Protein chains: 2
Amino acid sequence: MNKPARKSRSGARRSVTIKDVARYAGVSPMTVSRVVNGGQYVSDATRQTVMQAVRQLGYSPNLAARNLASARGERMGLLYGNPSASYLSEFLVGALDAATRHGVQLVLEKCEMTPAASRRAVRRLVAGGVVGVVLPPPLCESAVIRAELQAARMRIVAVAAARPPADVMCVSIDDFAAAREMTRYLLALGHTRLGFIKGHPNQTASEERWRGFTAAVQEHGNLPTPRVEQGFFTFRSGLDAARKLLSGAPLPSAIFASNDDMAAAVMAEAHRRALEVPNDLTVVGFDDSLIAANIWPGLTTIHQPIAQMAGEAVDLLVASVRGGKRGAAAEPVHRLVAHELITRESAARPKSAAA
Amino acid sequence: MNKPARKSRSGARRSVTIKDVARYAGVSPMTVSRVVNGGQYVSDATRQTVMQAVRQLGYSPNLAARNLASARGERMGLLYGNPSASYLSEFLVGALDAATRHGVQLVLEKCEMTPAASRRAVRRLVAGGVVGVVLPPPLCESAVIRAELQAARMRIVAVAAARPPADVMCVSIDDFAAAREMTRYLLALGHTRLGFIKGHPNQTASEERWRGFTAAVQEHGNLPTPRVEQGFFTFRSGLDAARKLLSGAPLPSAIFASNDDMAAAVMAEAHRRALEVPNDLTVVGFDDSLIAANIWPGLTTIHQPIAQMAGEAVDLLVASVRGGKRGAAAEPVHRLVAHELITRESAARPKSAAA
DNA sequence: CCGGGGGATGGTAGCGATACCAATCTAGGG
DNA sequence: CCCTAGATTGGTATCGCTACCATCCCCCGG
């Protein structure tokens, strides 16, 4: 009936369990559990004692056991296409942090934007026991993927989809307001001949940014028509757009690219044409991606709190999965987070204004 | 004595468990477990039957339960400083993938390179129940952090430390060979006046790359002494170094920067001086980081399989923690992975050679 | 003075899987 | 033909924690 010293399995030092804490604090394991989980129905005195014991023994609950007992421990998926690596990096940090906080596992899955690839990816996710998926851009815009996912009865949180369908949860910044703010900033500097490079047309954020730009232009009034080129968020497409923008007769004095990669391309092209940034040309971007600070001059741009957004997305997912388990699916939440205009060296007053 | 329909907890559809499979296949749960875990001592016939049942029922083992029962589910830490975001991104993907494969949790922790910050970070890791840590660069070079970690009895795997101490596990590429290869490539193109920008002196990889460079130069023999500048892996430091390299009288015809960020800086500076890359100046980097393909012209550089390295690091860690549990700590493993020279547009034959 | 409501706590029974050992069966060696 | 070794399989006891229910206690209204 006695057990000599445990089966010698984990031979070394077993970690401290809830029972140890309970014994140490002179209460039952249940009470410890309640304290640790912030349950109600625990007297303050007891709570203090237990917390003391917890600290004393350095107790940290065993996630596996907790998950098992509470039928938690769902796996969440993170389906990514090919956002820029720096975006993904920050995104992962935020998502993983939140996942750890909630004790859920995060499963990464890469996926091209073709229907076949989507289907395969979703199948892998399902096979992996994933119950909810975070969709960073640009995947969050793909109707195919969303349909595929919804067919598999997954919960979805889209991140940075500017105008998500009403039936999916979403975390994003206000692209419209951000672009308007940036444009107002350019106008406030005194620029009048503006150039704009649109983002990829398959992302709603592109359109919001464009709308924000035009809104600011219109509210200012009395400006020459801005020159606009279509881009696709890639460096390459930015280069093409820049070439066109910088060849017409009245050169723009400021170019607003819908993301940083394209803005970097504009700067490269400007250099090639011996235009100095920001003296001859102001260039601003959007996203505050890694490259923004790693080129010279540093890029004035809009900062998105990517990690935070990813974290909130996971929060939402977890809440939805846990909350929705019993009752009906909760109303899809759309959450906005704050952006920030970062000024670096690539924007200045136009020469003509100074002259 | 009967239980009506389970306590109604997970109200919805319970997922299929090992018992369901066992019943379906007409064997005991134990046998199923053995099959699923690739154990020995199972007849082929039984194995077939069970696998069939597994597929039929779409069974996927419950990680939480498995971890609990096998005293697994350790948490692994990933302590990162500030490597470039793209590096971190790929690193995370690889590490997380491996972690999921092994059913361990990955805990991220950020940490500055000061002793105080290190201590704090390690304390947090310990508090989080982490038993092993992956150390990407540049943290893998910090003796302070290593000491701190070892004091907390953590297993460590350093990644991309070119010359790690003998007592820690390590995954890296052969920086020496890679740099030599790149240098040979430049020499083969016909370059003779070489410039080199060293990496941060606190990283052993820097020195290996430098050694690789000089080795190639010496084996070629009969060359003017290369011009060398000290850099620190940052764009900024690359700019400073480039300025010096490009101001002396006999301009180098090719510059080998110890990483891509610095190479990008060289290109920026070259542009500013109206030197065309690669016609007037060949520039090559190291790392194949995101920026390498996102500037124009694309950067010829050395590719490291970062995700794979991160994955192997986690593998090593898991193996060490699980294997070393009973016996003595295994011999520290040093694992080399293959690099690759990526040629893009930034390198060409020197003009003088063509002339 | 008693019954009852609700706060605070303890007891019990698993969650789904594996570790260990016992039981059974098969094949050879002596 | 018996006996041991090894292959194959099943049974049992947890792993550490939490859900649910049963207590227990204190305070109040009737």
Side-chain angles (χ1 to χ4, degrees), chain A residues 1-11 14-23 25-50 54 57 59-74 103 129 322 325-326, chain B residues 1-11 14-23 25-50 54 57 59-74 103 129 322 325-326:
Chain A
M1 194 48 181
N2 63 347
K3 41 186 162 55
R6 180 78 187 85
K7 297 230 180 133
S8 88
R9 273 201 223 175
S10 28
R14 260 166 68 280
S15 59
V16 341
T17 76
I18 199 173
K19 276 190 196 159
D20 300 326
V21 178
R23 196 168 20 239
V27 298
S28 83
M30 267 317 300
T31 303
V32 176
S33 171
R34 271 188 284 258
V35 170
V36 170
N37 292 289
Q40 30 189 352
Y41 297 141
V42 185
S43 71
D44 267 2
T46 310
R47 189 182 303 274
Q48 293 304 331
T49 317
V50 172
V54 166
L57 269 47
Y59 166 74
S60 122
N62 178 321
L63 260 188
R66 168 183 289 181
N67 288 343
L68 180 55
S70 54
R72 249 184 214 154
E74 310 86 355
R322 299 213 173 135
K325 233 174 200 167
R326 322 184 139 277
Chain B
M1 194 48 183
N2 63 348
K3 40 185 160 61
R6 182 76 189 88
K7 301 228 180 136
S8 90
R9 279 198 218 176
S10 29
R14 262 167 66 279
S15 57
V16 343
T17 76
I18 199 172
K19 276 189 197 160
D20 300 325
V21 178
R23 197 167 20 237
V27 298
S28 83
M30 265 319 299
T31 305
V32 176
S33 171
R34 272 188 283 255
V35 169
V36 170
N37 293 291
Q40 30 189 352
Y41 297 141
V42 185
S43 71
D44 267 2
T46 310
R47 187 183 302 275
Q48 291 306 330
T49 317
V50 172
V54 166
L57 270 45
Y59 165 74
S60 121
N62 179 321
L63 259 187
R66 170 181 290 181
N67 288 343
L68 179 54
S70 55
R72 247 183 215 156
E74 310 87 353
R322 300 215 172 132
K325 233 172 198 166
R326 325 186 137 274

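Note that the coordinates shown come from a computational prediction; the quantities given were computed from them, not determined experimentally. Per chain, numbering begins at 1; letters A, B, ... match sequence-line order. Just so you know, these numbers use all the heavy atoms, side chains as well, and skip hydrogens, waters and symmetry mates.
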Worksheet item: Would you say a side-chain N or O of A/R66 is under 4.0 Å from OP1 or OP2 of D/dG16?
Response: no
Discussion item. What is the distance, to the nearest angstrom, from the CZ atom on B/R47 to the C1' atom on D/dT8?
Written reply: 11 Å
Worksheet item: If you measure from CG on B/D44 to OG1 on B/T49, what distance do you get to the nearest 0.5 Å?
Response: 10.0 Å
Worksheet item: Which listed nucleotide (D/dC17, C/dA8, D/dC15) is nearest to the side chain of A/P61?
Response: D/dC17
Worksheet item: According to a strict under-4.0 Å criterion, is B/S43 in side-chain N/O contact with OP1 or OP2 of D/dT8?
Response: no
Practice prompt. For the side chain of A/S28, starting at C-beta, report the closest nucleotide among D/dT18, C/dA17, C/dG10.
Written response: C/dG10
Item to complete: Carefully, step by step, assess A/V50 and A/R47 under the rule side chain to side chain contact (heavy atoms under 4.5 Å, CB included).
Response: CA-CA 5 Å; A/V50 172; A/R47 189 182 303 274; 5.9 Å; no
Discussion item. Just N and O in the side chain of B/N37: are any of them under 4.0 Å from OP1 or OP2 of C/dT18?
Written reply: yes
Worksheet item: If you measure from CE on B/M30 to CD1 on B/I18, what distance do you get to the nearest 0.5 Å?
Response: 7.5 Å
Worksheet item: Whole-Å distance between D/dT14 C1' and A/L68 CG?
Response: 12 Å
Fill in: Value in whole Å for how far the P atom of D/dT14 lies from CE of B/M30
16 Å
Worksheet item: At under 4.0 Å, does any side-chain N or O of B/T31 touch on OP1 or OP2 of D/dG10?
Response: yes
Fill in: B/N67 side chain vs B/A64 backbone, donor-acceptor pair below 3.5 Å
no
Item to complete: With the side chain of B/Y41 defined as its heavy atoms from C-beta on, choose the nearest nucleotide among D/dT18, C/dG16, D/dT8.
Response: D/dT8
Discussion item. Considering every strand and a 4.0 Å limit on heavy-atom distances, what is the contact class for B/P29: base, sugar-phosphate, or nothing?
Written reply: nothing
Discussion item. I'd like to know whether A/V27 forms a side chain to side chain contact (heavy atoms under 4.5 Å, CB included) with A/R34, so could you lay out the CA-CA distance, the side-chain angles of the two residues, the decisive distance to 0.1 Å, and finally the verdict.
Written reply: CA-CA 11 Å; A/V27 298; A/R34 271 188 284 258; over 6 Å; no
Fill in: Integer-rounded Å distance: C/dC15 C1' and A/I18 CD1
15 Å
Practice prompt. Figure out the OH/C1' separation between B/Y59 and C/dA17, and round it to whole Å.
Written response: 7 Å
Worksheet entry | Value in whole Å for how far the P atom of D/dA7 lies from CG of B/D44 | 14 Å
Item to complete: To the nearest Å, give me how far apart NZ (B/K19) and C1' (D/dT12) are.
Response: 12 Å
Response to the item:
Closest to the side chain of A/T46, out of C/dT9, C/dT12, D/dC17, is C/dT9
Item to complete: Calculate the interatomic distance between A/L63 atom CG and D/dT18 atom C1'; express it in whole Å.
Response: 14 Å
Discussion item. Heavy-atom nearest nucleotide on DNA chain D for A/S60 versus B/V42: which residue maps closer to 5'?
Written reply: B/V42
Worksheet entry | A/R34 side chain, from C-beta outward: closest of C/dT9, C/dA17, C/dT18 | C/dT9
